[in-house]
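All values reported here derive from a predicted model rather than from experimental measurement.
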Amino acid sequence: HVENVQFKDMYGILADLTKRVKDKLTTLGKNEGEINIDEMFDFQVTNQKMTQFADVMSNLTASANQAISGIARNIK
């Protein structure tokens with residue numbers, strides 16, 4: 001049901017993931033000569049989550065737009 005989808009919540013989650021990735025990059029940048037493997041792995045996992053979530057949001061938005069366009073065409 002399209003009416004149950006809360007896109008603003010999903011954008012908030014994506015904004016949080018983006019902030020976490022930026023914060024991790026800043027942390028990694030401060031330790032120029034010393035990169036902790038745990039921090040690097042955590043960065044990679046968080047970055048992957050952000051990328052996958054952005055893909056999901058893109059697909060959901062496209063699907064919702066197609067559904068709404070289909071309804072609008074049928075109303076004409």
Side-chain angles (χ1 to χ4, degrees):
H1 298 176
V2 175
E3 65 269 9
N4 294 332
V5 175
Q6 297 293 322
F7 288 102
K8 65 181 179 180
D9 295 338
M10 292 191 303
Y11 285 110
I13 293 168
L14 185 60
D16 180 56
L17 285 169
T18 303
K19 182 183 180 315
R20 288 176 49 198
V21 166
K22 286 181 181 180
D23 290 346
K24 290 182 187 304
L25 276 174
T26 301
T27 301
L28 289 173
K30 288 179 182 177
N31 303 333
E32 291 176 10
E34 305 170 5
I35 296 180
N36 186 340
I37 292 174
D38 292 339
E39 290 175 356
M40 182 58 94
F41 181 75
D42 191 36
F43 164 75
Q44 288 178 330
V45 169
T46 305
N47 192 37
Q48 186 175 17
K49 283 181 186 179
M50 180 189 70
T51 303
Q52 290 173 347
F53 195 77
D55 287 344
V56 167
M57 283 185 54
S58 178
N59 290 331
L60 283 174
T61 302
S63 296
N65 286 340
Q66 286 177 348
I68 292 168
S69 295
I71 292 169
R73 277 193 299 271
N74 289 333
I75 290 176
K76 290 182 180 180

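From Gln66, atom CD reaches atom CD1 of Ile71 across 12.0 Å, with rounding to the nearest 0.5 Å. To the nearest 0.5 Å, atoms CG (Asn47) and OG1 (Thr51) are separated by 4.5 Å.
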Quiz: residues 10-26 side-chain donor-acceptor pairs under 3.5 angstrom, not counting sequence neighbours:
from: Thr18; atom 1: OG1; to: Leu14; atom 2: O; distance (Å): 2.8
from: Lys19; atom 1: NZ; to: Asp23; atom 2: OD2; distance (Å): 2.8
from: Lys24; atom 1: NZ; to: Asp42; atom 2: OD2; distance (Å): 2.5
from: Thr26; atom 1: OG1; to: Lys22; atom 2: O; distance (Å): 3.0

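No donor-acceptor pair under 3.5 Å is formed between the side chain of Ser58 and the backbone N or O of Ala54.
Within 6.0 Å of CD in Glu39 there are more than 12 heavy atoms belonging to other residues, nucleotides or ligands.
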